K.L.:
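Pasting in a structure now, in structure tokens, and then I'll have a few things to ask.
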Amino acid sequence: MSSPQLDKTYDPKAVEARWSQVWQEQGYFHASPTHTGQPYSIVIPPPNVTGSLHVGHALNHSIQDILIRWRRMQGRNVLWLPGTDHAGIATQNVVEKQLMGEGASRESLGRERFIERVWQWKATSGDTIIRQQKRLGESCDWDRLRFTMDEGLSKAVLEVFVRLYEDGLIYRGERLINWCPRCLTALSDIEVEHEDVKGKLYHIRYPLVDDPQTALIVATTRPETMLGDTAVAVHPEDPRYNGLIGKRVRLPLTSRTIPIVGDAILVDREFGTGAVKITPAHDFNDFEAGERHQLPRLPILDHQALLDLDALNTAGVESELSTSIAGLPGSKARPKIEQVLKDRGLLVNVEDHKMAIGKCYRCKTVVEPYLSPQWFVKIKPLAEPAITAVEDGRIRIVPEGWTNNYLGWMREIKDWCISRQIWWGHQIPAWYCTTCNSGLFLSKVPMGTPVTAHAFLTILQGAKPIVARSAPTSCPACNGTSFLRDPDVLDTWFSSALWPFSTLGWPEQTVELKTYYPTSTLVTGLDILFFWVARMIMMGLKFMDEVPFRDVYIHALVRDAEGQKMSKSKGNVIDPLHVMEEFGTDALRFTLASMASPGRDIKLAEERIEGNRNFANKIWNAARFSLMNLDGPRTAVAPADRSFPDRWILSRLNHTIQLVTSELENYRFDRAANALYQFIWHEYCDWYLELIKPTLQNAASPDAPGTRQTLVETLETTMRLLHPFMPFLTEEIWQTLPHQGESIVIQRYPTSDTAWIAPDMEQRFGLLEQTIGLVRASRVLLNYPPGQQITFYVSHNEPQRQRHLEQLQKYLIHLGRGTVDLTPTTTWPTDNLLRLVAEGLSVGIVVTGEVDLNKALDRILKEQSEQTKEIGRLEGKLGNQEFVAKAPPEVITDHQDRLTSLRRDQAMLANSEQQLRAMLGG
RNA sequence: GGGCGGAUAGCUCAGUUGGCAGAGCGCCACCUUUACACGGUGGAUGUCGCAGGUUCGAUCCCUGUUCCGCCUACCA
């Protein structure tokens, strides 16, 4: 019988391509409610449909695949549901950029043709990331691939919107919202990124109407907004100003006078001058203050954040100034206004000021608070059950530390602005009767823009929407038949929030939904905890009356080797595909898993991946070695009747199985990976394979058939144990080994076998390892080449250990490479012998030829000094009455034992030192 | 402003009932020992951020503090 031959070096490329194809063709990843086993399901966090795989995805997906492959092997009825989202703003931006390159625009195409165009783009680029995921070996059920704008999922969105509206949880209202003047759309609060910048604080005089010589000095960071001021606020308990409450000031640069109001919420007496200007149309705080004091709102910026001439006129701004700043952005108008104020002596001073500005998370443009009618989700009633679900443990967040983060955010949550003024997405199912709402449609072309620019349509507050699953045929109020559909689309996260049930067929009550909902685990990064996780919990509880998942595992962010966030503009991105090409997919997956420690970001450097490429190669060669040595009979013997190395490795393997399994149960992928690394490299390869070489290479050895059996058994088991982490390598090796079944993917995950446990063998191994360690160290000290046969003596103080050493003799001979003498130290030669000692164990190596013994002497002196230090420490502790009185007895005994052992070793070493000095002297 | 996390070997990080401080990579020396040089053997390296406290004993628990990172926030 002949064994298959493997190449000397593992070549991932061919292997990976082959297996990912076979796995899919064989349908191993296909889930079915008819499968047996307790369901285990995960829905993938849907990446942007037109995006491509980055290393963050690679981490996120690797972790999910480890869980899924592990549970599948455990016999669970597994579903991993893949898919993508439509990423409204981001995708629309990409296509608009393409159009711009062609000299067109979305307006020139019109809504319908533009959307067609986006679908085309989706069709050409949409499977890029899916292809990449398959290359990563992800064992998703690709037959169930979903997209947020699929018909079924869109139906779910429609249903949810209508029901929430009917329940009074969706409303339309004019509010100040975050507005991106570049994307020309509203954003939700969390779509704004805050950034600290150096700004200036302007102090401006607002003269009193009654007494123009006296002025209130207000402080502001945005002087241009003063044109929209409708009041000035002071603190009602501030003696400097509270006498002025109720009086009026003349608003500089305008014809208006505005009231002085007292407001304890808005005003911080300590800050600035203690007087604040109020611009309700352009500042969130001021908006609320405006509501408290029933102040008018005077917007002066248009939807592009440009100063609007009509609005400036309405605000009574001096016409000369108006014409000079109209059409300018705030930043350009500011110096002009500053100059005018300075000329009139109204600018008191300007000081540096640190402040935060908000930027659009998609395009990084500075967002403006903008007054406009929008759709909102009334969130408190939804948030409450979502808080309870986490509090009472129906949902568990891992690591636990993020729980408070979640709860804190949920308790502070504000209504969610869900309307977006873009075209790509789920259009809001609201229609307006053109008769009933005549005069409430405002269409305007912004000034300073070409006439080809589209009219910007606003449906004013007060318009009465008809929300329905399909377009109304006649108006219930006036029987009119002419309707205008709300042009806005929904926030992409609105549809993502339904993902765990919309992907399973909801609102239909499918068997998939019954089987796989709630899902088992959600794996995600912290960055979308609020965007996505929180909202899924709210929607799941609302519409399924059940949490969407049991566990939320939050993993780290992947950074570059310097700890910098990876970004295309910095050029520090690690491209997972490039890495997979160079080092293999398994190496990347294993690296990411091994670095996924909770609460710490991953600083990824290529050297780490290279190291694990080497690990893969090590495993490959262990398999290669095994195959080279499998010719010959194999017999299965009861574990207890096997040889020492066999019993030892089975015991260690059993330990590793338990460890890896429990670490996986606790989402400690790092520890599971390290346990595998340690076992495979430093136990299996370093020791076990070395220990069994003589047996395998001696055809006559009586242990050979049993050892061959153990070799195959342990390697095959190890491959199954490692498979979730390194699917390709393990499949390739598993297929070459004697096996049953067609793929490792569908084999059983190893379980602990008590018959394998052999603590006495592990203890003996410890002794062997220690002995060989001393022999090898001696070799280096004496400059003996590894091949040189030596004569060495071994002895242990404890009779039991001594007996063990005698039983281990043949392994000592093999690994020590020479002849061994196991007589007591008293009978050892006193000359030409280097003696090392550790914990009662003495090893002596015969010194032959011309060798420099100074290296050996140095080592002994160093050990002596370390021992002396440790002895002193122990003596000190044991001499301390309080320690003896209060420390637990086992600790005291342990200290005493160690001290005894150390003193014995010290005596031996002193002896050894004397002999060495004698040899050097002679 | 508030909250959270981190600070342990040159680098990246493990390290929970407080009782000899570890790994990987890198570094040094030696080695073509027929599984593997993507390898083997041996070795060096730490006031466990700083200052207090609790304790017989602290990398671990408590308090304060510095630095870094993240999240969050309406001080104009």
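Computed from a predicted structure; not experimentally measured.
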K.L.:
A:Phe669 and A:His555: aromatic ring centres closer than 6.0 Å?
P.N.:
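That pair fails the under 6.0 Å test.
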K.L.:
Over how many whole Å does the gap from A:Glu368 atom CD to B:rC74 atom C1' extend?
P.N.:
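Result: 15 Å.
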K.L.:
Detail all sub-3.5 Å separations between protein N/O atoms and N/O atoms belonging to nucleotides 23-26 of chain B.
P.N.:
residue, atom, partner, partner atom, Å
B:rG24, OP1, A:His682, NE2, 3.2
B:rG24, N2, A:Arg608, NH2, 2.8
B:rG24, N3, A:Arg608, NH2, 3.0

K.L.:
Using the P atom in both, what is the distance from B:rG19 to B:rU32, to the nearest Å?
P.N.:
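45 Å, rounded to whole Å.
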K.L.:
Between A:Ala777 and A:Gln697, which residue's closest nucleotide on RNA chain B lies nearer the 5′ terminus?
P.N.:
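Going by which nucleotide is closer to the 5' end, it is A:Gln697.
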K.L.:
Quick one: label A:Glu270 by what it contacts on the DNA or RNA (base, sugar-phosphate, nothing), any heavy atom closer than 4.0 Å.
P.N.:
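No contact.
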K.L.:
Main chain of A:Met595, side chain of A:Asp670: is a donor-acceptor contact present, judged purely on distance under 3.5 Å?
P.N.:
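No, the answer is negative, given that no donor and acceptor are paired below the 3.5 Å cut-off.
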K.L.:
Could you state the atom-to-atom distance from CG of A:Leu588 to P of B:rC38 in whole Å?
P.N.:
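That distance rounds to 21 Å.
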K.L.:
Categorize A:Leu201 for me: base, sugar-phosphate, or nothing, with a 4.0 angstrom heavy-atom threshold over every strand shown.
P.N.:
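A:Leu201: no heavy atom of the nucleic acid under 4.0 Å.
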K.L.:
Expressed as a whole number of Å, how far does the C1' atom of B:rC25 sit from that of B:rA44?
P.N.:
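One C1' to the other, the span is 16 Å.
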K.L.:
For the P atoms, the ones on B:rA37 and on B:rG49, what distance do you get once it is rounded to whole angstrom?
P.N.:
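Their P atoms lie roughly 41 Å apart.
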K.L.:
When rounded to the nearest Å, what value does the distance between C1' atoms of B:rA73 and B:rU65 take?
P.N.:
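Those two atoms are separated by 25 Å.
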K.L.:
Which string of ( ) [ ] | and . matches RNA chain B, if you list each base 5' to 3' and count Watson-Crick or G-U pairs only when both distances are under 3.5 Å?
P.N.:
(((((((..((((.....[..)))).(((((.......))))).....(((((..]....))))))))))))....
K.L.:
For residues A:Phe725 and A:Leu664, report the shortest heavy-atom separation together with the two atoms involved.
P.N.:
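A:Phe725 and A:Leu664 have their closest heavy atoms at CZ-CD2, 3.9 Å.
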K.L.:
Report which part of the nucleic acid A:Phe284 touches: base, sugar-phosphate, or nothing (heavy-atom distance under 4.0 Å, all strands).
P.N.:
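Counting heavy atoms under 4.0 Å across all strands, no contact is made by A:Phe284.
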K.L.:
Base, sugar-phosphate, or nothing for A:Lys354, non-hydrogen atoms under 4.0 angstrom?
P.N.:
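No contact.
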K.L.:
What salt bridge (charged side-chain N to carboxylate O under 4.0 Å, His left out) pairs are there with at least one residue in residues 870-879 of chain A, not counting sequence neighbours?
P.N.:
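Qualifying pairs: A:Glu870-A:Arg873, A:Glu870-A:Arg898, A:Glu875-A:Arg903.
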K.L.:
Check salt bridge (Lys or Arg N to Asp or Glu O under 4.0 Å) between A:Arg297 and all other residues, then give those that pass, not counting sequence neighbours.
P.N.:
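A:Glu174, A:Glu291.
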K.L.:
Quote, to the nearest angstrom, the P distance that separates B:rC74 from B:rA14.
P.N.:
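Pairwise P distance, B:rC74 against B:rA14, rounds to 33 Å.
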K.L.:
With a 4.0 Å cutoff (strictly under), does any side-chain N or O of A:Lys877 reach OP1 or OP2 of B:rG19?
P.N.:
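A:Lys877 to B:rG19 OP1/OP2: no side-chain N or O under 4.0 Å.
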K.L.:
Suppose we screen for side-chain hydrogen bond (donor to acceptor under 3.5 Å, both in side chains). Which residues come up paired with A:Thr273, at least two apart in sequence or across chains?
P.N.:
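Checked A:Thr273 against side-chain hydrogen bond (donor to acceptor under 3.5 Å, both in side chains); zero matches.
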K.L.:
Expressed as a whole number of Å, how far does the C1' atom of B:rG15 sit from that of B:rU8?
P.N.:
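Pairwise C1' distance, B:rG15 against B:rU8, rounds to 9 Å.
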K.L.:
How many Å lie between CD on A:Glu400 and C1' on B:rC4, as a whole number?
P.N.:
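Atom-to-atom, A:Glu400 to B:rC4, this comes out as 14 Å.
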K.L.:
Encode nucleotides 68-73 of chain B as B, S and - characters from 5' to 3', where the letter depends on protein heavy atoms closer than 4.0 Å: B to the base, S only to sugar-phosphate, - to neither.
P.N.:
-SSSS-
K.L.:
Quick check on RNA chain B: between A:Thr9 and A:Met355, whose nearest nucleotide comes earlier from the 5' end?
P.N.:
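Its nucleotide being nearer the 5' end, the pick is A:Thr9.
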K.L.:
Can a salt bridge be assigned to the pair A:Asp601 and A:Lys603 using a cut-off of 4.0 Å between side-chain N and carboxylate O?
P.N.:
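Not counted as a salt bridge, because no side-chain N and carboxylate O are separated by less than 4.0 Å.
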K.L.:
Tell me which one of A:Trp620, A:Phe583, A:Tyr677, A:Tyr10 satisfies ring-ring contact (aromatic ring centres under 6.0 Å, His included) with A:Phe615.
P.N.:
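Only match with A:Phe615 under ring-ring contact (aromatic ring centres under 6.0 Å, His included): A:Tyr677.
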K.L.:
Taking A:Asp229 first and then A:Lys277, would you say they form a salt bridge - that is, a charged N and a carboxylate O separated by under 4.0 Å?
P.N.:
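Result for this pair is yes, salt bridge flagged.
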K.L.:
When we call it a touch if two heavy atoms are under 4.0 Å apart, what does A:Gly274 touch: a base, just sugar-phosphate, or nothing?
P.N.:
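Touches a base.
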K.L.:
Considering just the side-chain nitrogens and oxygens of A:His353, establish if one lies under 4.0 Å of OP1 or OP2 belonging to B:rA76.
P.N.:
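True: A:His353 side-chain N/O within range (under 4.0 Å) of B:rA76 OP1/OP2.
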K.L.:
Can you tell me the distance, in whole Å, between the NZ atom of A:Lys603 and the C1' atom of B:rC11?
P.N.:
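One finds 10 Å between C1' of B:rC11 and NZ of A:Lys603, rounded.
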K.L.:
Looking at A:Lys200 and A:Glu338, does any basic side-chain N land under 4.0 Å from a carboxylate oxygen?
P.N.:
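Looking at A:Lys200 and A:Glu338, the cut-off is not met.
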K.L.:
With a non-hydrogen cut-off below 4.0 angstrom, is A:Arg898 in contact with a base, only sugar-phosphate, or nothing?
P.N.:
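It contacts base atoms.
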K.L.:
Please work out if A:Arg668 contacts a base, only the sugar-phosphate, or nothing of the nucleic acid, heavy-atom cut-off 4.0 Å.
P.N.:
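Sugar-phosphate contact only - A:Arg668 comes under 4.0 Å of backbone atoms but never of a base.
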K.L.:
Considering only the P atoms, how many Å lie between B:rC68 and B:rC27, rounded to the nearest integer?
P.N.:
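Taking atom P in both B:rC68 and B:rC27, they lie 31 Å apart.
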K.L.:
Enumerate the residue pairs fulfilling side chain to side chain donor-acceptor pair (under 3.5 Å) with a member in residues 768-789 of chain A, sequence neighbours excluded, ordered by first and then second residue.
P.N.:
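Only A:Asn783-A:Lys855 qualify under side chain to side chain donor-acceptor pair (under 3.5 Å).
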K.L.:
What pairs of nitrogen or oxygen atoms, one from the protein and one from nucleotides 29-33 of chain B, lie under 3.5 Å apart?
P.N.:
none

K.L.:
From B:rU41, B:rC36, B:rA76, pick the nucleotide closest to the side chain of A:Glu690?
P.N.:
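So the side chain of A:Glu690 is nearest to B:rC36.
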K.L.:
Give the nucleotide from the list B:rC38, B:rA35, B:rU41 with an atom nearest to the side chain of A:Arg776.
P.N.:
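Output: B:rU41.
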K.L.:
With sequence neighbours left out, what residues match A:Asp263 under side-chain hydrogen bond (donor to acceptor under 3.5 Å, both in side chains)?
P.N.:
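Expected list: A:Arg292, A:His293.
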K.L.:
Counting only side-chain heavy atoms from C-beta out, which of B:rC74, B:rA35, B:rG42 sits nearest to A:Asn285?
P.N.:
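Per side-chain heavy atoms of A:Asn285, the pick is B:rC74.
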K.L.:
Please name all residues satisfying ring-ring contact (aromatic ring centres under 6.0 Å, His included) with A:Phe625, sequence neighbours left out, ordered by chain then number.
P.N.:
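Scan of A:Phe625 (ring-ring contact (aromatic ring centres under 6.0 Å, His included), adjacent residues dropped) gives none.
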K.L.:
List the atom pairs, donor and acceptor, that lie under 3.5 Å between side-chain atoms in residues 398-407 of chain A and the rest of the protein, sequence neighbours left out.
P.N.:
residue, atom, partner, partner atom, Å
A:Thr403, OG1, A:Glu400, O, 2.7
A:Tyr406, OH, A:Ala386, O, 2.9

K.L.:
B:rU54 and B:rG64: how far apart are their C1' atoms, nearest whole angstrom?
P.N.:
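Pairwise C1' distance, B:rU54 against B:rG64, rounds to 15 Å.
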K.L.:
Contact class for A:Asn880 (heavy atom, under 4.0 Å): base, sugar-phosphate, or nothing?
P.N.:
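Result for A:Asn880 = sugar-phosphate.
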K.L.:
With the side chain of A:Arg873 defined as its heavy atoms from C-beta on, choose the nearest nucleotide among B:rG40, B:rA35, B:rC20.
P.N.:
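Side chain of A:Arg873 sits closest to B:rC20.
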K.L.:
Expected output is a numbered-order residue list: members of residues 884-893 of chain A with a heavy atom under 4.0 Å from any atom of RNA chain B. What is it?
P.N.:
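The answer is A:Lys886, A:Ala887, A:Pro888, A:Val891.
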K.L.:
Does a salt bridge link A:Lys359 with A:Glu193, judged by any charged N lying under 4.0 Å from a carboxylate O?
P.N.:
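No salt bridge links A:Lys359 with A:Glu193.
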K.L.:
Do A:Glu288 and A:Leu176 have side-chain heavy atoms sitting under 4.5 Å apart?
P.N.:
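Heavy-atom side-chain distance check fails, nothing below 4.5 Å.
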K.L.:
Counting only side-chain nitrogens and oxygens, does A:Arg613 get under 4.0 Å of the OP1 or OP2 atom of B:rG39?
P.N.:
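Checking B:rG39 against A:Arg613, no side-chain N or O comes under 4.0 Å of OP1 or OP2.
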K.L.:
Rounded to the Å, how far apart are A:Glu663 CD and B:rG15 C1'?
P.N.:
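My rounded result for the distance is 12 Å.
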K.L.:
The side chain of A:Ser597 lies closest to which of these nucleotides: B:rU12, B:rC13, B:rC56?
P.N.:
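It is B:rC13.
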K.L.:
Out of B:rA76, B:rG15, B:rC56, which has the shortest distance to the side chain of A:Phe883?
P.N.:
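Of the candidates, B:rC56 comes closest.
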K.L.:
Record whether the side chain of A:Lys8 comes under 3.5 Å of the base of B:rC36 through a donor-acceptor pair of N or O atoms.
P.N.:
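Flag unset: no donor-acceptor pair detected.
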